[in-house]
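To start, the structure under review is shown below, and the notes come after it.
Because the structure is a prediction, the values reported are computed rather than measured.
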Amino acid sequence: MRKFNLSSKQIITWICVNYGLFILAFFTLGFMGNIKSVVIVNFALDVVLCVVSFVLNIRLFSTKYKTPIVGKIGLLFATLCFAAFTYFAFLMPENGLPPVLFS
C-alpha cells in the first residue's frame, strides 16, 4: 500500500475542504426536504468527512509537522464539534435519523 507524504499545509487544506463539504452537505439537506434516502446519504457523508478529518488531525500531531500547537488543537476541536453536531443532528432519537430510518 502506498503511503501518502503530505505536508502540513496540504493536511490543513484537506481538513478545511472537509469542513466546507460538511457544511455544504448539511445546508443542501435543508433544501431537499425530508426524503429518507437524502437524509441517509447526508449522514453517511458527514460521518465519512468527520472520520477523514479526525485521521488527518491525528497525522498532524506527529512531530514531523512543525505546525503551532494552538492550530493543531483548534483544528481537532473543530473536528470534534462537527462530529458532535452530526451525533446530535442525526442520532438523537428526537432529532432526526432514527425516526426517519425506522418509520
Side-chain angles (χ1 to χ4, degrees):
M1 189 167 153
R2 192 173 107 188
K3 190 173 184 175
F4 294 105
N5 292 322
L6 298 173
S7 69
S8 61
K9 185 176 180 179
Q10 289 172 324
I11 290 176
I12 292 171
T13 302
W14 276 110
I15 291 172
C16 291
V17 166
N18 285 346
Y19 293 164
L21 288 174
F22 184 94
I23 293 169
L24 182 67
F26 189 75
F27 282 125
T28 351
L29 177 66
F31 293 122
M32 296 293 181
N34 200 9
I35 303 170
K36 184 177 175 180
S37 60
V38 172
V39 173
I40 293 170
V41 168
N42 193 315
F43 171 71
L45 178 65
D46 287 348
V47 168
V48 167
L49 289 173
C50 285
V51 168
V52 169
S53 294
F54 187 70
V55 168
L56 288 172
N57 275 306
I58 296 301
R59 273 190 80 185
L60 195 59
F61 272 96
S62 171
T63 57
K64 172 180 155 184
Y65 302 110
K66 303 298 182 206
T67 307
I69 191 71
V70 174
K72 292 177 183 181
I73 292 173
L75 288 171
L76 182 62
F77 181 72
T79 299
L80 293 176
C81 286
F82 280 124
F85 177 78
T86 301
Y87 173 75
F88 286 116
F90 290 103
L91 296 178
M92 293 296 285
E94 60 273 359
N95 288 341
L97 192 61
V100 172
L101 281 177
F102 303 116
S103 63

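- Leu24 and Phe85 fall into different hydrophobic clusters, where Ile, Leu, Val, Met, Phe, Trp and Tyr side chains are chained together by heavy-atom contacts under 4.5 Å.
- There is a side-chain donor-acceptor pair under 3.5 Å between Thr79 and Tyr19.
- Hydrophobic clustering, with ILVMFWY side chains joined whenever heavy atoms are under 4.5 angstrom apart, groups Leu21 together with Val48.
- Counting side-chain heavy-atom gaps under 4.5 Å among Ile, Leu, Val, Met, Phe, Trp and Tyr, the cluster of Ile69 also holds Phe54, Ile58, Phe61, Val70, Ile73, Leu76, Leu80.
- Summarising the geometry, atom CG belonging to Leu75 is positioned 6.0 Å from atom CD1 belonging to Ile12; distances are rounded to the nearest 0.5 Å.
- Atom-to-atom distance recorded for Ser53:OG and Leu60:CG is 11.5 Å, nearest 0.5 angstrom.
- Note that the CZ atom of Arg59 and the CD1 atom of Ile11 stand 5.0 Å from one another [nearest 0.5 Å].
- A distance of 11.0 Å separates CD1 of Ile23 from CG of Asn18, quoted to the nearest 0.5 Å.
- Side-chain atoms of Gln10 and Asn5, non-hydrogen and from C-beta on, never get closer than 4.5 Å to each other.
- Using cut-offs of 30° and 60° for the angle between ring planes, the Phe22 and Phe82 rings count as tilted.
- Remark: Ser7 OG to Lys66 NZ distance equals 14.0 Å, nearest 0.5 Å.
- With rounding to the nearest 0.5 angstrom, the CZ atom of Phe27 is 11.5 Å from the CG atom of Asn42.
- Crowding of Lys9 atom NZ: a count of heavy atoms from other residues, nucleotides or ligands under 6.0 Å not exceeding 12.
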